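Please read these numbers as outputs of a predicted model, since none were measured by experiment. For this chain, numbers begin at 1 and follow the sequence in order.
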Amino acid sequence: MTHNLILTKDNLSALSIDPSKTIFWVGAGVGAEAPCNLPLGNELTDAFLKSMLGKEQAEKFILHWNNHIPQIRESVKGNDWNVPTHTTAYTLDDVKFGNAWERPRLEFIIGEINKLDQEFQNINFQKLENRRRYKRQFTIEALSHFVEAEPNLLHYWLADFARAGATIITSNFDTCIEKALGADSDSKPTSLDGVRGIETTSGFIYHFHGVASDENIQSNLGATVNNVSKRLPETFTKKLEKCFRDEYNIVFIGYSGLDFFDVQPFFEGLASDSYRGKAIYLHFCNDDKGCEEAVKGSKRYQYLLKPFAEKVIAYGKSTVFFDGLGGSSGVKCTKEAAAISTSRGTVFEKTEEQLQNITSSMSEDDRNVFYFLNMFRISSQLNINPSNFYLDWGDRISNIYNDWKNDTEDAGILCKMFNVRGQINDCIVDDIRFNNWESINSAYLNVVTDIRPLIRQWNGAHITILTDHMSWKQAGVSRDILDSYVEETCKILQRGAFTSLTPEEEDIERDTVHYLCGWQMKKMYVLWAIPFVRYTTYPKLRYLLKCIDRLLEFPFASFMYRTYYLSLCRQRGAIQAMLGQKCADHNGYYGDIQHEWDICMETPNLYDARLTIRARMLQYWIMVCKLKVRSIRKYNALKAIYRELDSMRADRSD
């Protein structure tokens with residue numbers, strides 16, 4: 001059983017630690033106080049959204065997000081689907097005054113805009129007008145100002161613990177702890193144990209999401225979904241596990257615990273109560289009563305404390321916490337609080353100014369094109385209907401498409417972009433072709449018709465043996481061939497996502513997943529639904545399940561696209577239902593709904609949530625075919641939930 005010791009400022013006896021056997025895990029909350037004054041997640045997310053989408057459209061986007069996400073998220077509770085409760089509808093005033101606090105992940109916003117910036121850098125427009133209109137700066141470079149931040153009292157406390165032998169690990173981009181240690185301002189980031197950081201006289205400071213002072217900030221700053229999806233490096237996690245086995249303590253300070261991609265999988269993978277070191281989590285709060293209620297009601301950081309036998313949640317003022325921790329551990333802060341400036345730092349203001357300057361020299365028309373492209377990319381990736389923000393989005397796409405099409409020496413700029421990326425949702429062309437919103441807009445339909453030959457051209461260059469067996473009409477591939485593709489895909493997954501893959505390897509992974517989840521499986525559904533021939537499908541279903549299980553031995557972060565993993569999860573659940581099996585973690589829907597949902601939200605991708613519901617409906621159609629009354633009831637309940645979610649999203653195109 002988890003034991004949490006709730007501390008007040010008058011009970012500091014449990015805070016005694018050996019600094020030389022302690023890890024400090026530092027988050028953004030540490031940099032919020034003067035003179036550092038760095039932003040928290042929502043502040044930075046809003047700064048990017050307003051500069052990339054324009055203030056008016058950014059507020060509309062935030063409003064749409066807040067009025068839909070909480071309701072959809074509430075539909076999943078306790079590994080089961082529930083009819084979502086209606087929450088109060090937010091207004092634009094709620095957004096403007098900070099009352100609507102839900103946001104997409106900061107890493108997602110930064111990552112998508114950074115990919116757009118990189119893609120536009122590779123386009124060689126011939127016309128001067130288009131070179132001006134579509135010219136891009138690297139937006140992510142605005143974060144380089146974080147290196148200018150000055151340390152506050154908490155940074156000096158951390159520096160003195162580092163001098164006493166403590167290990168410092170931080171998710172922050174700034175170098176305030178290094179400055180508090182007196183590190184040379186010219187110190188360049190390096191890598192140790194697979195993690196970027198800075199070497200100081202008191203040890204290496206690990207920045208597992210990157211450092212703002214990195215010269216190649218586009219590649220080395222881990223503030224994107226692509227980067228954090230890699231999980232923590234294996235060398236680094238092995239080092240941490242060894243420290244925990246050696247009874248190291250760990251202190252979490254200013255850390256929200258919301259790193260679902262990399263930090264959470266690591267700590268959740270550790271056995272409960274298995275390490276004898278002490279885990280201390282500081283909850284910033286000045287009001288003792290209010291903080292105690294928040295701590296008791298929150299499960300946010302349970303996974304961080306779970307592996308340790310002794311767990312402590314401390315709350316109160318951070319300065320009081322460090323006074324108690326230092327006093328009981330023999331560490332004294334060498335910096336007097338009175339000697340630290342109390343004036344507000346300007347780093348965040350400089351970041352915001354650089355973001356705003358990206359569009360300051362643009363004409364109004366060019367600025368609107370810039371905002372539209374960013375909104376179209378973000379909304380398409382989140383599968384939010386772009387007509388929520390631009391009613392004429394089809395016409396806008398057509399205009400941009402014609403700009404690109406007619407401005408290249410070989411009339412193939414779109415083809416070039418398509419061939420460079422060659423995967424769904426990885427470039428503007430894919431967004432235009434594969435976004436899931438139907439439209440009767442003639443301009444949009446003309447674009448789709450016009451680029452269809454480019455789609456066929458790409459498909460023709462990426463044929464595998466499996467490709468010829470993926471249509472409804474073709475016979476299934478032999479087991480020897482499918483086995484070989486599964487094994488080749490496993491070798492690719494062993495290397496992990498975002499490693500360097502050849503085009504041939506990308507094709508193998510794609511077609512293996514598509515074959516196991518595509519038309520061949522749909523044929524199996526039809527055959528299975530015929531009572532007299534159902535039994536003949538069982539051997540093949542067992543074989544396909546074996547292939548899928550082989551791929552699902554790897555975590556979702558190993559796949560090039562999380563949708564691959566999610567599709568395999570859904571097919572696995574459907575096959576098990578057809579075979580009359582139940583998962584080991586059976587929750588009433590013959591599949592791990594919560595796990596699939598977590599993947600959906602981490603991407604994040606709302607459309608996948610709807611696909612998951614459709615998959616459950618398919619599985620219950622299977623149960624209905626078996627004439628199970630209980631399943632029919634659940635099928636009807638699930639259909640009602642689907643309709644409710646569908647109406648909430650209001651995803652109808654004009």
Visitor: For Glu353 and Lys350: C-alpha separation, side-chain torsions, deciding distance, then whether salt bridge (charged side-chain N to carboxylate O under 4.0 Å, His left out) applies.
Guide: CA-CA 5 Å; Glu353 182 180 358; Lys350 290 181 179 179; over 6 Å; no

Visitor: Roughly how far, to the nearest 0.5 Å, is CD1 of Ile378 from CG of Leu49?
Guide: 6.0 Å

Visitor: Verify the ring-centre separation between Phe236 and Phe208: is it less than 6.0 angstrom?
Guide: no

Visitor: Would you say His145's side chain and Ala142's backbone share a donor-acceptor pair under 3.5 angstrom?
Guide: no

Visitor: Give a yes or no on whether a salt bridge exists between Glu112 and Lys115, defined as a side-chain N under 4.0 angstrom from a carboxylate O.
Guide: yes

Visitor: What are the two closest heavy atoms between His207 and Asp174, and how far apart are they?
Guide: CE1-O, 2.9 Å

Visitor: Look only at the side chain of Asn37 and the backbone of Gly345, and say whether a donor-acceptor pair between them is shorter than 3.5 Å.
Guide: yes

Visitor: Just by modelled atom types, is the Gly326 backbone N or O under 3.5 Å from a matching donor or acceptor in the Ser329 side chain?
Guide: no

Visitor: Applying salt bridge (charged side-chain N to carboxylate O under 4.0 Å, His left out), can you list everything that pairs with Lys332, at least two apart in sequence or on another chain?
Guide: none

Visitor: Could you tell me if the ring centre of Trp157 sits under 6.0 Å from that of Phe24?
Guide: no

Visitor: Step through it carefully: locate the ring centre of Tyr564, locate the ring centre of Phe559, and say whether they are under 6.0 Å apart.
Guide: no

Visitor: Hey, what's the ring geometry for Tyr206 with Phe204, parallel, tilted or perpendicular (30° and 60° as the breaks)?
Guide: perpendicular

Visitor: Kindly give the heavy-atom pair with the smallest separation between Thr45 and Pro104, and that separation in Å.
Guide: CG2-O, 4.2 Å

Visitor: Does a salt bridge link Asp549 with Lys546, judged by any charged N lying under 4.0 Å from a carboxylate O?
Guide: no

Visitor: What I want to check is whether the side chains of Asp160 and Thr334 have a donor and an acceptor closer together than 3.5 Å.
Guide: yes

Visitor: Report the distance from atom OG1 of Thr512 to atom CZ of Arg550, rounding to the nearest 0.5 Å.
Guide: 12.0 Å

Visitor: Using the six-membered ring wherever Trp is involved, compare the ring planes of Phe308 and Phe244 and label them parallel, tilted or perpendicular (cut-offs 30° and 60°).
Guide: perpendicular

Visitor: Can we say Asp46 and Arg103 salt-bridge, meaning some charged N sits less than 4.0 Å from an Asp/Glu carboxylate O?
Guide: yes

Visitor: Please verify the inter-ring angle class for Phe322 with Phe161; under 30° counts as parallel, over 60° as perpendicular, anything in between as tilted.
Guide: tilted

Visitor: Is any side-chain N of the basic residue among Lys238 and Glu241 closer than 4.0 Å to the acidic one's carboxylate O?
Guide: no

Visitor: Would a distance-only check, ignoring hydrogens and angles, find a side-chain to backbone donor-acceptor pair under 3.5 Å from Asn172 to Ala28?
Guide: yes

Visitor: Main chain of Glu352, side chain of Lys50: is a donor-acceptor contact present, judged purely on distance under 3.5 Å?
Guide: no

Visitor: Between Asp511 and His462, do the side chains contain a donor N or O and an acceptor N or O under 3.5 Å apart?
Guide: no

Visitor: Taking the side chain as every heavy atom from C-beta outward, state whether Ile280 and Ile17 have any pair of such atoms under 4.5 Å apart.
Guide: yes

